[in-house]
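Report on one structure; see the data block that follows.
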Amino acid sequence: MTDKDRQTISPVPRPAGEEEDLLRIWATPKGWRLPTAVNNTVIGLLYLGAAFLFFVLAGILALIMRTQLAVPGNDFVNQDLYNQLFTMHGTTMMFLFAVPAMEALGVLLLPQMLAARDLPFPRLSAFAVWAYIVGGSVFFLTIFFDLAPQGGWFMYPPLTLTEFQPGDNADFWLLGIGFIEISAIAGAIEIIVGVFRTRPPGMSLDKLPIFGWAMLIFAGMIMVAFPAVILATMLLEIERAFDWPFFTAELGGDPLLWQHLFWFFGHPEVYIIFLPAAGLVSMIVPTIARKPLVGYNLIVVAIAATGFFSFGLWVHHMFTTGIPALSLAFFSAASMAVAIPSGIQFFSWIATFAASNRKIQFTTPSLFVLGMLAIFLIGGLTGVMVAMVPFNWQAHDTYFIVAHMHYVLVGGMVFPLFAGFYYWVPILAKRQLSERLGRWAFWLMFIGFNVAFLPMHFTGLLGMPRRVWTYSEAMGWGPLNLVSTLGAFTIAAGVLVFIVDLARNFRVGEGGKDNPFGAGTLEFLPQDVYSTRSIPHVSSRYPLWDDPDLPRAVAAGEHYLPNAPTGGRETLITSPIHARPQYVIQMPGPSWSHVLAAVFTAAFFLLLTVKLVTPALICGALAILSCLVWVWGIDKGPDKGPIDIGGGLHLPVYVTGPMAHGWWAMIVLMIVAGSLFFAYLFSYLYLWTVSPDAWHAGRPYLPGALRPFLSALLLISSAGMIWGARHRLKIPGHRSLVSAGFILLAALFAGTGLGLEFQGHWGQGLRPQSSSYAAMVYLGIILSAQIMLAILIMCFYCIARILAGKLDRIRVASLENTSLLLYYLVGQALLGLLLIHGFPRIMGPLA
Amino acid sequence: MTPPRSPVKFLLYGALSLSGILAWAGHFGLAYGVQHLVCQSALIPANLWHVILAAATGLFIACIGLVFWNIRSRNVFRDPDGDVSQFYTYVTLTLLAVSLFGILLTAIAGFMIPVCGSLR
Amino acid sequence: MSIDITLTWRRLFGAIGVAALLGLGVALLVAWSGLYNVAASRGHPAWLNWFLELGMRNSVEANAPRLPSPDLTEPGLIALGAAHFQTGCAPCHGGPDQAVNPIYQGMLPEPPKLGDAVGHWSDSELHWIIKHGLQYAGMPGWAAPHRDDEIWALVAFLRALPDLTESEFRHLAAGNGSVTPVTVKQLVSGSATSLAMTTCTKCHETDLAPPVSDKIPRLAGQPRPFLLRALQEYRADARQSGIMEPIAAEIPEALLADVAAYYADLEPRPHPPPAFKGNPKRGREIALYGDPDNRVAACQACHSSAAKPDYPRLAGQSASYMTARLQHWKIGHESKTPLDALMANAMGKLSDEQIDDVVAWYASRPIEGEPP
Amino acid sequence: MSAGRGLAGLGMALFLIACQGQQSALSGGGAESDRTLALTVLLGVGGAIIFLLVAGALLVALRGPRRWRSFLSAHTLVVHGGITFPAVVLSLLMIYSFAVLRAGPVPESGPDKPSHVIRVEGLQWWWRVTYLQPDGSEIETANEIRIPVGEPVRLELISADVIHSLWIPAYAGKLDMIPGHTNTLTLLASEPGTVRGQCAEYCGGAHALMALSVTAMLPPSYERWLAGQAEPSQPGETTGHRAFLSAGCGGCHTIRGSPARGRVGPDLTHLASRPSLGAGTLENDAAGLARWLDDHHQVKPDNLMPDYDFLTASEQAEIVTYLSELE
């Protein structure tokens with residue numbers, strides 16, 4: 001960018017007091033109000049800190065297990081505790097550490113990389129974090145009360161049904177998962193809208209930092225993968241609580257349905273964890289080499305391809321279930337295909353190192369990156385091995401898999417995370433971490449890791465299965481296990497050194513005053529609570545390398561939005577492809593409402609788990625109330641005119657329709673709901689193929705054809721009603737009671753339509769406990785009913801806003817979101833009617 | 001300043017650039033689904049399996065070829081910002097190639113291994 | 001000079017805190033000083049009576065779960081309840097044939113006449129009160145908290161109580177025991193046969209009569225070690241029964257073996273065609289071979305005459321009794337003896353239907369040694 | 001590179017140990033495991049070579065001569081190293097693995113049913129093994145499988161409760177036992193010997209203590225052994241026999257030829273001929289039996305047999321004597 005261009009953005013010097021305004025508006029709440037904070041740096045650090053705490057805790061569990069396994073016939077812990085330990089270790093590492101840590105990085109770094117003031121929905125991420133912290137802590141505490149689940153982190157039924165796990169233990173697992181489901185989906189919304197809409201002007205998609213691409217695909221994968229596990233956990237909890245036979249073979253269910261759903265989530269989960277970490281590496285390697293990433297486009301291809309191919313792998317966790325060899329072969333083939341994108345990234349990093357003109361410095365971040373390359377390479381190669389069906393039959397469920405999986409996850413995620421932490425500390429903290437301690441931490445972890453896990457490949461091939469708490473001396477696994485245990489404690493020593501480093505040197509504060517590694521991306525611009533002073537115009541992938549003067553210019557306020565023209569928190573929304581400025585959003589600040597909503601949501605699930613239904617319902621109602629309070633003040637409407645952001649641009653502060661960021665968030669939510677329904681369709685058809693008899697026996701219970709038509713008619717009219725409500729709204733200042741009436745009718749019609757459908761089956765005497773067919777019929781209704789509940793609340797919310805004069809023809813966001821969800825519901829319910837009433841009728845004659 | 005636009009173009013670009021990968025997903029889902037039906041229910045006779053697989057593979061490869069040719073020969077991602085259209089073209093074509101590989105692997109599996117039976 | 005009395009949150013919470021501390025202090029002071037007179041003879045002032053009554057009534061209503069009650073008009077159930085009531089409840093509450101013993105009249109609060117009081121409570125509430133007792137009223141909880149079935153017998157009796165005459169009650173409570181009035185000579189000489197708690201024949205069979213109801217097990221012909229073990233376990237609270245545990249506790253230890261011997265040697269009497277609802281044919285399969293799919297062991301392995309003598313024989317046993325026992329294990333409770341645990345394990349996942357079947361088979365078989 | 005040599009040495013040493021391991025996937029000894037072993041060696045060696053190549057490229061990229069580095073920094077390297085090379089190698093590997101997959105089970109010549117069919121049922125936490133005879137009769141044992149050498153044996157795998165997985169590494173990879181499913185696995189042992197197998201799918205509580213032994217015998221001795229198993233036991237009216245029955249053991253266990261015919265626990269007809277107690281947990285001798293009877297919940301926590309520690313010492317001793325005579 002030339003000097004001439006820059007002057008056209010915002011005139012300097014800036015008026016006095018602007019920076020003070022920004023500091024005041026974006027100030028982090030102090031003292032006991034700290035929990036109300038929503039700044040992405042505060043929330044992100046909290047998120048990362050909690051995730052790291054769970055990493056340490058789950059690591060301690062691993063040490064206890066390693067101690068038990070150090071020698072044959074040990075009795076350091078008993079069978080019952082050991083079974084809880086490995087379940088908690090896996091669950092905590094996967095759900096309470098890995099995914100949240102990656103989300104945390106997204107929350108923490110994305111806005112800084114995009115030079116946005118904050119995430120588009122700051123309270124949403126804060127809500128997710130608090131729900132996760134409260135719920136995760138309670139979940140973890142169960143280990144101290146002998147209440148921890150002991151079904152393994154994969155929780156296969158029938159072992160996890162009440163018959164074999166009668167206590168609340170398994171329910172606590174379902175609870176722990178519930179929180180991560182909530183926070184993951186909230187994070188996905190945040191990240192997708194953030195990456196597409198809050199980029200700085202000029203940062204078209206081809207200039208997006210690789211980490212942004214990784215987080216985008218990460219969020220996209222969450223949208224598709226998590227609904228599968230949401231459905232699976234729903235099925236399991238319903239079967240545990242109410243005996244609906246989804247997994248009970250005698251009544252037409254199938255234990256394999258759980259495995260399909262769980263691994264349809266579980267395998268992509270591994271890539272959900274790996275992709276952002278690989279994104280980190282792609283950010284750090286160019287900085288180490290001081291050269292642009294070689295093959296940026298190819299890496300984007302690799303990330304996208306990984307995201308998709310990873311959904312074709314799930315059965316490779318099921319190679320030993322006895323399903324046809326060809327099914328295995330398909331998934332074996334997809335497992336081959338997914339190796340290619342990893343190869344691309346690997347060679348891209350090698351090429352970038354090779355392109356460097358300088359001698360590569362082995363700083364702590366570089367060491368962790370190189371450690372990652374070595375470890376992940378081995379993990380990838382053993383991954384190809386276990387993708388081979390015959391080899392898998394031997395290696396599956398042995399310590400070979402334990403070794404492989406840790407090489408992939410520790411190499412693919414933990415080492416990059418440490419690299420990333422050392423690399424980005426300068427923008428989070430007042431001072432750097434110690435290089436000396438960092439090296440100690442690295443070498444201890446690296447050597448310890450290989451000592452612990454390399455021998456496990458052999459332990460597994462020598463016949464040691466996973467999840468065994470003891471083994472006899474005659475098996476000959478003793479020496480290898482002892483070596484592994486020593487390695488595990490060496491890793492722990494490395495982590496301890498890191499903690500010491502944190503304690504001695506890590507002081508949270510606004511950093512970013514310098515750029516110690518000489519990075520080229522925007523997060524190393526000068527920062528304060530408001531992020532960067534002004535939002536730069538970007539014209540390359542490494543703006544800081546192209547324009548050494550950029551930090552000064554940005555800090556001087558020479559770029560976009562150097563002030564707070566609306567007097568509150570705000571950031572710039574740009575177009576999704578080219579990042580052209582579109583409008584400015586006014587963002588909510590600190591508040592207790594979302595914190596309370598999170599706490600009550602957590603309390604709701606916890607109380608349900610221990611079967612205190614009444615207090616749970618009260619907490620649920622309070623959670624909804626808190627949410628309503630939270631959103632009531634957000635939709636400020638076009639209360640400020642077009643504002644000047646610099647560069648001759650005058651942008652609106654309020655838009656609705658497809659351009660609005662809220663509309664985008666709603667679409668993401670609908671895709672999530674759609675994935676959930678898709679998982680339901682899959683389950684329905686899957687169980688039909690497994691036990692067509694149950695469908696045949698259920699055929700006489702199908703209500704007459706008139707009833708579904710009536711339901712459909714009601715649903716369609718409900719959509720018409722809400723459309724009418726939208727069009728009968730009046731201009732600002734006038735309240736449209738007609739619209740309010742239409743909204744009420746819409747809710748009534750949709751609710752009646754669903755009620756009619758339920759009553760039809762119930763009236764015929766079909767009971768969900770009787771067969772898998774019946775259970776699936778009612779599950780379909782439940783899936784629509786829960787959306788209906790949300791719509792009902794939203795409808796009353798809209799009516800209240802009309803009556804309060806806060807909903808009119810212009811300020812229409814709440815009604816718009818309600819109608820979007822209602823349209824979606826109508827679509828889903830119609831599809832459901834077609835399936836439930838049509839499918840048995842078509843299949844009846846064939847059978 | 002360009003006026004704000006609706007996200008239609010964005011969606012089109014998105015779908016088009018992912019067409020290869022979507023084709024792979026479609027082929028994979030079709031192969032796995034049909035095979036499941038052949039083996040688990042008598043809905044599709046086993047002797048049709050290879051015909052269906054060959055047809056599906058041919059169809060999807062043809063689709064990929066069509067998209068490839070279209071993007072290559074005409075400047076589908078017409079865009080004032082040359083970098084963006086170049087980026088889209090590169091990503092789309094490479095994804096098509098990688099997906100083609102994925103589809104071929106699936107087809108090889110389908111032709112090498114008998115449709116049902118666990119072979120154990 | 002002006003006083004600032006603006007109410008702030010801080011002041012409000014402060015005031016509440018200070019008040020709470022003061023209240024706590026006063027209460028401690030009263031307890032420590034001994035100013036409050038706890039003599040039962042003083043009675044409660046009216047306001048306190050009202051307050052305690054209110055608390056008790058609402059507490060019972062709030063805490064008693066709404067349970068599905070069995071058929072409370074079943075004569076066997078009422079008879080069982082009557083037998084226990086006469087010696088277990090009437091001393092405090094009085095009954096149709098006796099006034100409240102003056103010793104218990106001095107209790108505070110005075111135990112209510114149950115004929116009048118039961119009308120105020122629902123079945124579930126009565127069940128709850130009997131099961132858990134009442135704090136501050138001297139009402140004890142049931143000796144065997146898991147035996148809901150026994151408690152229902154008492155509820156059934158209480159429901160019948162208001163309409164009972166003295167002699168009806170006497171016959172009901174006496175069961176197989178004698179209801180001839182005591183003579184003066186018997187009374188003064190200590191050989192009175194008035195029905196004591198330990199009178200087994202109130203419920204169990206005699207050489208002339210079968211047990212008073214189907215709820216009562218048939219003891220005649222059971223092996224001596226089994227009967228003795230049962231009595232000892234009742235005494236030790238290791239076998240759960242709110243009716244039998246107090247009785248076993250009252251029998252002198254030296255006599256336990258004799259009681260066991262008495263019933264072991266008692267000639268089993270022919271009994272009327274047993275009432276059961278299951279299918280004896282299916283039951284036979286379970287009894288002989290078990291149901292491996294549901295981890296049900298073969299019953300006959302332990303309950304035939306070839307088994308160890310401290311295992312009970314089940315042939316000809318009362319159906320209703322066996323069902324209650326099996327349901328008791330099925331609900332699940334902490335086993336206090338190895339044999340109890342063994343049985344809980346051995347019955348596996350026996351379904352309700354299977355319980356009926358296996359009970360039907362055993363109930364339909366003749367007792368060994370029973371005249372045909 | 002000396003570390004690499006050290007590793008290779010260690011690998012060789014382990015390999016030698018592995019060949020003798022009774023539960024090793026590296027020993028081979030059956031048709032399927034031999035095929036898999038060849039694939040394992042190929043994958044292991046090939047993986048090591050690729051690791052060395054890529055690690056070498058990385059080292060060169062970091063510290064190599066300028067000319068080599070500029071070669072490595074080219075965009076075409078990313079294309080060929082990241083796409084072409086893996087695509088070729090992986091395709092070949094996949095085709096080879098499919099060929100291995102196709103080779104199983106045993107050439108399907110002649111009748112579709114192998115002459116030896118054994119039903120293995122997984123239960124928490126032991127194995128019920130039933131030999132299905134051509135005449136329709138069944139011979140039941142537990143926690144031990146015997147197969148004839150050189151003849152294909154079909155195992156029918158089912159589960160009574162939760163998911164288990166049968167893994168006999170010396171003969172074949174693992175295969176799950178899933179409620180509602182019957183999976184079949186064909187074993188073909190190449191030489192006589194006894195190996196160990198173990199449950200590989202976590203099945204709750206005592207999963208770690210759910211093993212079994214598998215013995216491959218020459219066909220004539222196999223037939224002899226099977227005929228012996230088919231016979232009822234000849235216990236005689238000993239005091240131990242009476243103690244066993246009167247304590248109620250027959251409620252769960254069958255001893256053919258006696259009134260004990262429970263089917264909840266393992267068939268004990270020829271208990272003394274089996275190699276272990278408690279599914280590979282204890283030695284099968286008098287001491288092991290006594291320990292099991294008195295203390296089995298310590299030996300194998302959570303196992304579903306009730307406690308019999310209330311039996312008197314003499315009762316226990318009588319039962320132990322009786323059981324150890326059930327050849």
Side-chain angles (χ1 to χ4, degrees), chain A residues 196 204-207 296-298 300-302 304-305 307-309 311-312 315 321-334 336-338 340-341 344 393 575-578 580-583 647-652 655 657-659 663-664 667 685-686 688-690 692 843 846-847, chain B residues 1-10 13-14 17-18 20-22 24-25 28-29 31-33 35-43 49 79-81 83-88 90-92 94-95 97-99 101-110 112-120:
Chain A
F196 275 129
S204 49
L205 278 182
D206 59 305
K207 300 186 188 67
Y296 172 97
N297 292 357
L298 269 176
V300 174
V301 167
F308 276 82
F309 285 150
F311 285 98
V315 168
T321 52
I323 55 183
L326 180 53
S327 304
L328 309 185
F330 284 151
F331 289 89
S332 181
M336 299 289 106
V338 84
I340 289 188
I344 293 177
W393 287 340
S575 66
I577 297 176
H578 296 96
R580 299 190 177 107
Q582 287 187 325
Y583 69 105
L649 291 174
H650 293 267
L651 298 184
V655 300
M659 205 169 77
W663 189 90
W664 279 62
I667 297 295
L685 295 173
Y686 177 83
W688 164 70
T689 60
V690 170
M843 287 303 149
L846 282 175
Chain B
M1 177 62 215
T2 46
R5 287 185 219 165
S6 76
V8 174
K9 187 179 175 189
F10 164 78
Y13 271 31
S17 56
L18 294 176
I21 276 281
L22 291 172
W24 168 82
F28 188 84
Y32 180 54
Q35 188 243 348
H36 190 71
L37 284 180
V38 169
C39 300
Q40 285 273 351
S41 70
L43 222 58
W49 160 246
D79 196 286
D81 187 341
D83 287 353
V84 173
S85 59
Q86 206 188 354
F87 170 73
Y88 265 117
Y90 187 93
V91 168
T92 309
T94 319
L95 277 177
V98 173
S99 306
F101 175 67
I103 288 178
L104 286 177
L105 286 187
T106 308
I108 290 175
M112 272 191 77
I113 309 283
V115 59
C116 298
S118 75
L119 299 188
R120 299 189 73 180

Option that, when pairs with chain B are counted at under 4.5 Å, heavy atom only, ranks first among [options]:
options	answer
A:Ala334, A:Pro324, A:Ala329, A:Ala305	A:Pro324
A:Gly322, A:Gly312, A:Pro341	A:Gly312
A:Leu205, A:Leu326, A:Val690, A:Leu685	A:Leu326
A:Trp393, A:Tyr686, A:Phe196	A:Trp393
A:Ala304, A:Ala325, A:Ala337	A:Ala325
A:Tyr296, A:Tyr583, A:Phe331, A:Trp688	A:Phe331

- For the rings on A:Phe311 and B:Phe28, is their centre-to-centre separation under 6.0 Å? no
Turns out that what part of B:Leu18 lies under 4.5 Å from chain A's heavy atoms comes down to side chain
Bottom line for B:Leu104: the part with an atom under 4.5 Å from chain A's heavy atoms is neither
query = B:Thr94 side chain to B:Tyr90 main-chain N or O, any donor-acceptor pair under 3.5 Å?
reply = yes
Is the backbone N or O of A:His578 less than 3.5 Å from a side-chain atom of A:Ser204, with the two atoms forming a donor-acceptor pair by type? no
[Y] side chain reached by [X] side chain, heavy atoms, under 4.5 Å:
X	Y	result
A:Trp664	A:Pro576	yes
A:Pro581	A:Leu651	yes
B:Gln86	A:Asn297	no
B:Ile113	B:Leu119	yes
B:Ser17	B:Leu95	no

Parallel, tilted or perpendicular: ring planes of B:Trp24 versus A:Phe309, cut at 30 and 60 degrees: perpendicular
What part of [X] gets closer than 4.5 Å to chain B, counting heavy atoms only: side chain, backbone, both or neither?
X	result
A:Val300	side chain
A:Leu298	both
A:Val315	side chain
A:Thr689	both

Interface check, chain A: of B:Val84, B:Ile108, B:Thr92, B:Val98, most non-hydrogen pairs under 4.5 Å belong to B:Val84
